[in-house]
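All chains are named by letter (A, B, ...) in the order of the sequence lines, taking the proteins before the strands, and each is independently numbered beginning at 1.
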Number of protein chains: 2
Amino acid sequence: MLKFKEYLQNISTISDKEFEETISYFSEKHLHKGDFFIKQFSVCRQVGFIIKGTIRIYYINQKDEETTYGFCQENCLTTSFKSFISQTPSDLILQALEDTDLLTIDYDKLNLLYKNYPTWQNIGRIITQNEFLNMEQYASVLNNETAKEKYLRLLKEQPNVLQKANIEDIASYLGVTRRTLSRIRQKIYQK
Amino acid sequence: MLKFKEYLQNISTISDKEFEETISYFSEKHLHKGDFFIKQFSVCRQVGFIIKGTIRIYYINQKDEETTYGFCQENCLTTSFKSFISQTPSDLILQALEDTDLLTIDYDKLNLLYKNYPTWQNIGRIITQNEFLNMEQYASVLNNETAKEKYLRLLKEQPNVLQKANIEDIASYLGVTRRTLSRIRQKIYQK
DNA sequence: GTAATTTGAGGACATTTGTCCTTTTTGTTC
DNA sequence: GAACAAAAAGGACAAATGTCCTCAAATTAC
């Protein structure tokens with residue numbers, strides 16, 4: 001809860017009283033390893049704030065291959081944003097890589113927050129803008145970083161993901177085959 | 001003007017009177033071939049609606065190579081969105097590939113529109129969401145389409161861009177070198 | 001603990017792409 | 001129209017990546 005309060009205070013000012021009231025709109029959710037937060041083709045009805053654990057975000061393309069968008073961990077928001085804002089079936093799949101605790105809010109309750117608290121209108125707009133910036137950053141990485149650079153960044157920023165995810169997941173995150181990932185690791189660790 | 005009205009009406013309902021008033025917040029701008037709508041590192045102060053012409057959006061990466069994000073043409077909004085919303089220096093460069101006519105609105109005037117017209121708050125939110133969806137679509141293309149597929153889509157959706165842009169631009173849009181683009185064309189046109 | 005199964009490492013070869021060129025084509029100037 | 005310049009096509013080889021394997025290590029089941 002404390003971390004969530006910090007998270008919101010980084011976005012906008014929120015009083016203790018408002019936070020207390022806000023928190024009553026949220027629920028807690030526990031996922032076991034392998035559980036889905038959002039399944040493919042289901043309408044995403046919730047946004048989650050990760051208290052503890054790891055979520056892998058991925059989708060399955062036309063050739064039946066999994067492409068991993070990324071991994072969300074502690075103190076991050078996680079949702080299938082497009083599905084959530086448009087309340088349409090989700091292309092993205094969100095799955096727990098390990099036991100994960102979340103603070104969640106439903107679509108309707110979030111809209112109540114927007115309606116009842118001017119602060120939340122502000123928070124909502126900024127979160128939407130942040131989602132845009134994240135997506136832009138993601139596209140920029142796809143354009144500019146080699147698979148090796150992406151691997152090194154993952155190693156730096158989310159080293160524990162390398163333990164929790166399997167080779168297949170990491171390779172699909174890097175946009176290469178297992179074989180190439182194997183070669184990347186060889187170069188990094190043997191020199 | 002008519003096209004712009006249609007564009008807005010597709011987003012939200014806007015009365016004739018509101019549109020008349022709205023249009024007074026906009027200016028017309030004419031770019032010659034090669035002119036910049038937004039230069040690198042300048043703060044983007046305007047959003048443009050293209051009446052006629054073609055804008056290439058690109059940036060220059062750490063290795064001094066140009067990467068082309070895409071090409072905007074008639075009846076599309078064009079801006080360096082991140083720079084515009086945050087009023088910070090732009091990574092993206094927007095340049096006219098041919099003589100281009102735009103309807104433009106300044107940052108301050110847009111905020112006046114938001115303030116004075118509830119309709120525009122709605123339009124603004126939806127445009128922001130659309131920008132997110134566009135960026136997501138862009139990332140999805142980067143992940144899923146081969147250079148050849150991208151070329152064929154360009155050929156289908158914006159065939160005239162292939163005349164207006166040079167090989168270098170198109171190759172950087174596809175994410176390959178000139179040599180590979182040459183091979184792609186060879187395969188497409190000789191079989 | 002042993003056997004069976006899953007997962008990661010890496011060999012061999014084919015395919016693709018990039019680099020560095022030269023040649024050809026197109027467009028421009030006088 | 002000839003001469004020049006600019007842009008695109010494409011040859012030759014090197015480097016990177018994918019495909020299809022096998023083998024070793026780790027994990028799980030009994």
Fill in the blank from the handout: Per ring-ring contact (aromatic ring centres under 6.0 Å, His included), B/Phe49 is matched among B/Tyr7, B/Phe37, B/Phe26 by B/Tyr7
Handout entry: Touch class at under 4.0 angstrom, heavy-atom based, for A/Ser182 against every strand present
Key = base
With respect to the side chain of [X], which nucleotide from [options] is positioned closest?
X: B/Ile167; options: D/dA8, D/dG18, C/dG8; value: D/dA8
X: A/Arg185; options: D/dT17, C/dA9, D/dA9; value: C/dA9
X: B/Asn166; options: D/dA8, C/dG8, C/dT17; value: D/dA8

Handout entry: Neighbour count above 12 (heavy atom, 6.0 Å) for B/Arg185 CZ
Key = yes
How long is the line joining [atom1] of [X] and [atom2] of [N], in whole Å?
X: A/Arg179; N: D/dT22; atom1: CZ; atom2: P; answer: 15 Å
X: B/Lys148; N: C/dT17; atom1: NZ; atom2: P; answer: 10 Å
X: A/Ile184; N: C/dG10; atom1: CD1; atom2: P; answer: 13 Å
X: A/Tyr189; N: C/dG8; atom1: OH; atom2: P; answer: 14 Å
X: A/Asp169; N: C/dT7; atom1: CG; atom2: P; answer: 10 Å
X: B/Arg178; N: D/dG11; atom1: CZ; atom2: P; answer: 16 Å
X: B/Leu174; N: D/dA8; atom1: CG; atom2: P; answer: 13 Å
X: A/Lys63; N: D/dG18; atom1: NZ; atom2: P; answer: 12 Å

Practice task
Could you tell me whether the phosphate oxygens of C/dG18, OP1 or OP2, come under 4.0 Å of any side-chain nitrogen or oxygen in B/Thr177?
Solution key: yes
Exercise for the section: Give a yes/no answer on whether the side chain of A/Gln186 brings an N or O atom under 4.0 Å of OP1 or OP2 in C/dA9. Expected result: no
Exercise for the section: Measure from the ring center of B/Tyr173 to the ring center of B/Tyr69 and say whether it is less than 6.0 Å. Expected result: no
Practice task
Please evaluate the base of C/dG18 for a donor-acceptor partner in the side chain of B/Arg183 within a cut-off of under 3.5 Å?
Solution key: yes
Practice task
Please answer whether the main-chain N or O of A/Cys44 pairs with a side-chain N or O of A/Ser83 as donor and acceptor at a distance below 3.5 Å.
Solution key: yes
Handout entry: Flag, side chain of A/Gln40 to backbone of A/Leu92, donor-acceptor distance under 3.5 Å
Key = no
